[in-house]
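These notes concern the structure reproduced below.
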Number of protein chains: 2
Amino acid sequence: MVGRPTMKDVAAEAGVSAMTVSRVVNGEGSVAPRTAARVEAAVRKLGYQRDELARQLRRADQPSRTIGLLVDNVADPFMAAVASAAEDVARRRGSMVLIGSSRADPRREREVVAAFTARRVDGLILTPAAGSHRFLRPAQVQGTKIVCVDRAASGLAADTVVVDNSAAVEEAVRHLIAHGHRRIGYLGGRQDIWTNGERHRGYRAALRAAGIAADPRLIRHGLRSAPSAAEAVTALLASAGPPTALLAGHENLAVGALMVLPPGIAFIAFDDFPLAERLTPPVTVIAQDPVALATTAADVLFARIHGDTSPPRTVVLPTELIRRGSGEVPGPFAEQGR
Amino acid sequence: MVGRPTMKDVAAEAGVSAMTVSRVVNGEGSVAPRTAARVEAAVRKLGYQRDELARQLRRADQPSRTIGLLVDNVADPFMAAVASAAEDVARRRGSMVLIGSSRADPRREREVVAAFTARRVDGLILTPAAGSHRFLRPAQVQGTKIVCVDRAASGLAADTVVVDNSAAVEEAVRHLIAHGHRRIGYLGGRQDIWTNGERHRGYRAALRAAGIAADPRLIRHGLRSAPSAAEAVTALLASAGPPTALLAGHENLAVGALMVLPPGIAFIAFDDFPLAERLTPPVTVIAQDPVALATTAADVLFARIHGDTSPPRTVVLPTELIRRGSGEVPGPFAEQGR
DNA sequence: CTTCGCGTTGGTATCGTTAACAGTTCGTCG
DNA sequence: CGACGAACTGTTAACGATACCAACGCGAAG
């Protein structure tokens, strides 16, 4: 016997019909114990395993128990945590996870979505790349449930699980201002990605609220890697009016910045990271909980898959400003004698 | 129209048979341009997408263009890098990746493998958990290609892509000895996982070669998390005969150890990690390249899927001892005046 | 002794696609 | 002008599983 044995093979081995094998394999009660035992013996003998593909084809109305997870890049620690948590929930729900990386490329994102739906995923968890996500509408209409995590998608009505990026950054910048900083540099990723846009919005809001004019020379957008962040920091500090504090818009940029950041410059990073407290000074961060984000997103997704048809919701989870030292380095306008 | 349109729907819309639609969708040449255009218009109008499930069912002899990736835990940075690289190669080859986490639990590993094969994956990349992997034999016989990455699997003839863990650790320990250390502590993960066993083997070999008796009180096995590593370090240093140097068997343990490690103790970690060079002192590491490991594994897997039937190979990739400072902290037997 | 019903079991059609084969309509060549 | 192949299109029967319905045996009820 080469290739997988089928129900027919098992049926022949046990001397029953394929239908009876199906009943036994699916644990339906209406099979005589003696018959069931014979079938089970045949299953074991042949190493039979039900073919999920054929099963899903026949049972088109039932869920396929496969979901798709589409992230920028699984290698990113934040995304890896999201993936792990989503996989965990899926497993508990008896589903498999198909994974795909968009590398923040809208075209690639579309391709991966197509590959997912072609395999009849029940739903999709995604961190939307740039651009409109209207193209997901047909998939939704055809029954694929969609949940956005970490970022909102434009042009799409879908459940969304995020943190309040803008408010979190606003708080952090206020914190820097309170410690006597006026020239606060900003290191941001691609602005066309929702999260980065929100964070930048928070940065400007905090400055505006404090009556500080935003100096465009202190703002570096579109940074895509740790080395590019390091370069940006070096350039900023060497410039005419250097910043006395810096905010890094996400973990990668923080790592790059920290490679070249001299002491004396205040620093806050979006996203917590391992060993942040062992650096000198320990790094103040805006922490979010990727596991909670992904777990919530997956829970929402499965609720949808199991029939929840209420209007799309946006769940906002909390962030926390963890003061460790680097964010409390005093600036030139710090109050004395405290 | 609710639900996905099928070829039959497209055929009706275009006024042709389903077979002709199939031919157009698959780009077979033998369709009149006018007909093909009509079909393509119908495809666009209905938003038709080929159903990969049905297709794979019919074309049982062709690959399903889906592979399975089974790791301990995607959230682990090393595993995340592996997953990302594997997904990348798969995408280039036109395949999707199903992902699963074993959490180092052999039972869970088996379940995930079953879920994979039930979905007809063409092949499997896995970081084997503890225990025999003989159970994978039937899947192999039925045609599923299997490649182990990072670790070897016992009881299974399969391609394997690893580094020489034992030699790498041996070199690191020799390095510590050369810097004057005799009491070298070892922080290791679960010994029943191949990698950890190998690393411990290298540790003992280096001591033996230097004529140093291994002190069991300096060895902590079975550490599963950063906090447990931190505790172990604290306990070791508080003990009667404390170590003057420490070796951490993998990244997580290194992070935990570094949270509590006082200066003056030499330290080497297996696996490089971000910001290692920004700690004080910068951390000496044994670096391996997870991307290269996974890329190689995926390449081997696809070669198998495409018909390579040569005997199973083991590919050993290089490691590098990156001297940054923590591994060069002199020990009590260091030569003076260098 | 017939009939009913229950507990089991099997037959048939079908999910969406495609391999294999069977037409059909032409144009072309002898 | 009829036959023959080329180009195109359709029909049928699977792939492996299951929903639905029919049928079987057999004890109980009438």
Side-chain angles (χ1 to χ4, degrees), chain A residues 1-40 42-43 46-66 117-121 142-143, chain B residues 1-40 42-43 46-66 117-121 142-143:
Chain A
M1 161 85 58
V2 64
R4 305 162 55 92
T6 71
M7 278 198 169
K8 212 184 285 187
D9 300 324
V10 176
E13 176 72 28
V16 296
S17 75
M19 200 54 234
T20 299
V21 176
S22 172
R23 281 190 268 254
V24 173
V25 168
N26 292 301
E28 292 177 32
S30 62
V31 177
R34 276 177 47 90
T35 314
R38 253 195 1 263
V39 170
E40 275 155 14
V43 165
L46 300 183
Y48 170 76
Q49 189 185 18
R50 187 174 59 196
D51 185 322
E52 285 296 325
L53 258 52
R55 179 164 208 250
Q56 286 164 31
L57 177 63
R58 185 64 183 82
R59 311 174 66 204
D61 47 339
Q62 308 288 115
S64 64
R65 295 186 301 148
T66 305
T117 56
R119 282 172 176 78
R120 289 200 191 174
V121 294
Q142 289 172 14
Chain B
M1 160 85 59
V2 64
R4 306 162 55 92
T6 70
M7 278 196 169
K8 215 184 281 189
D9 301 322
V10 176
E13 175 72 26
V16 297
S17 75
M19 197 56 229
T20 298
V21 176
S22 171
R23 280 191 269 252
V24 172
V25 168
N26 293 302
E28 292 177 31
S30 62
V31 177
R34 276 175 49 90
T35 314
R38 266 210 332 280
V39 170
E40 276 156 15
V43 165
L46 300 183
Y48 170 76
Q49 189 187 20
R50 187 174 60 200
D51 185 322
E52 284 295 325
L53 259 52
R55 180 165 208 247
Q56 285 164 31
L57 178 63
R58 185 61 182 85
R59 310 173 69 205
D61 48 338
Q62 308 288 113
S64 65
R65 295 186 300 147
T66 304
T117 57
R119 282 171 176 76
R120 291 203 191 173
V121 295
Q142 288 171 14

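Every chain is numbered from 1, with letters handed out A, B, ... down the list of sequences.
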Taking OP1 and OP2 of [N], is either one under 4.0 Å from a side-chain nitrogen or oxygen of [X]?
X	N	result
Ser22(A)	dT18(D)	yes
Arg59(A)	dT18(D)	no
Arg4(B)	dG16(C)	no
Thr35(B)	dC8(D)	no
Arg58(A)	dT14(C)	no
Ser17(B)	dT11(D)	no
Thr6(B)	dG16(C)	no

Residue closer to the 5' end of DNA chain D, Asp51(A) versus Gly15(B) (nearest nucleotide):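 Between the two, 5'-proximity favours Gly15(B).
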Considering heavy-atom distances to DNA chain D, does Ala60(B) or Val31(B) have its closest nucleotide positioned more toward the 5' end?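 With Ala60(B) and Val31(B) compared, the 5'-side residue is Val31(B).
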Of all the choices, dA17(D), dT8(C), dG16(C), which nucleotide is nearest to the side chain of Leu57(A) once you look at every atom?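 The closest nucleotide is dG16(C).
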Can you tell which of dT8(C), dC15(C), dG16(D) lies closest to the side chain of Ala54(A)?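 Looking only at side-chain atoms, Ala54(A) lies closest to dG16(D).
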Rounded off to whole Å, could you give me the [atom1]-to-[atom2] distance for the [X] and [N] pair?
X	N	atom1	atom2	answer
Arg120(B)	dG16(D)	CZ	P	6 Å
Gln62(B)	dG16(C)	CD	C1'	17 Å
Lys8(B)	dT18(C)	NZ	C1'	14 Å
Asp61(B)	dT17(C)	CG	P	18 Å
Met7(B)	dT14(C)	CE	P	20 Å
Arg34(A)	dG25(D)	CZ	P	17 Å
Asn26(A)	dT9(C)	CG	C1'	16 Å
Arg55(B)	dT18(C)	CZ	C1'	9 Å

Within a strict 4.5 Å, meaning less than it, do heavy atoms of the Thr6(B) and Asp51(B) side chains meet?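 In short, these two side chains do not touch, never coming nearer than 4.5 Å.
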Are any non-hydrogen side-chain atoms of Arg55(A) and Asn26(A) less than 4.5 angstrom apart?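 Yes; the side chains approach each other to less than 4.5 Å.
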Side chain Arg23(B) and base dG10(D) donor-acceptor under 3.5 Å: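 Donor-acceptor pair under 3.5 Å: yes.
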With sugar-phosphate meaning primed atoms plus P, OP1 and OP2, does Val25(A) contact a base, only sugar-phosphate, or nothing at under 4.0 Å between heavy atoms?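 Nothing: the residue Val25(A), judged by heavy atoms under 4.0 Å, touches no strand.
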What contact category does Thr20(A) fall into here, base, sugar-phosphate, or nothing, at under 4.0 angstrom with non-hydrogen atoms?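 Sugar-phosphate, no base atom in range.
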Would the distance check show the side chain of Arg38(B) and the main-chain N or O of Ala14(B) forming a donor-acceptor pair, the cut-off being under 3.5 Å?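 Yes.
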Among Val43(B), Val21(B), Leu46(B), exactly one meets side chain to side chain contact (heavy atoms under 4.5 Å, CB included) together with Glu13(B). Which residue is that?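 Only one of Val43(B), Val21(B), Leu46(B) forms a side chain to side chain contact (heavy atoms under 4.5 Å, CB included) with Glu13(B), namely Leu46(B).
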Between the side chains of Thr117(B) and Gln142(B), is a donor N or O closer than 3.5 angstrom to an acceptor N or O?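 Gln142(B) and Thr117(B) do not have a side-chain donor-acceptor pair below 3.5 Å.
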Less than 3.5 Å apart, any donor N or O on the side chain of Thr66(A) or Arg119(A) sitting next to an acceptor on the other?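 The answer is no; no qualifying pair exists.
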Toward the 5' end of DNA chain C, which comes first, Pro33(A) or Met19(A), by nearest nucleotide?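 Result of the comparison: Pro33(A).
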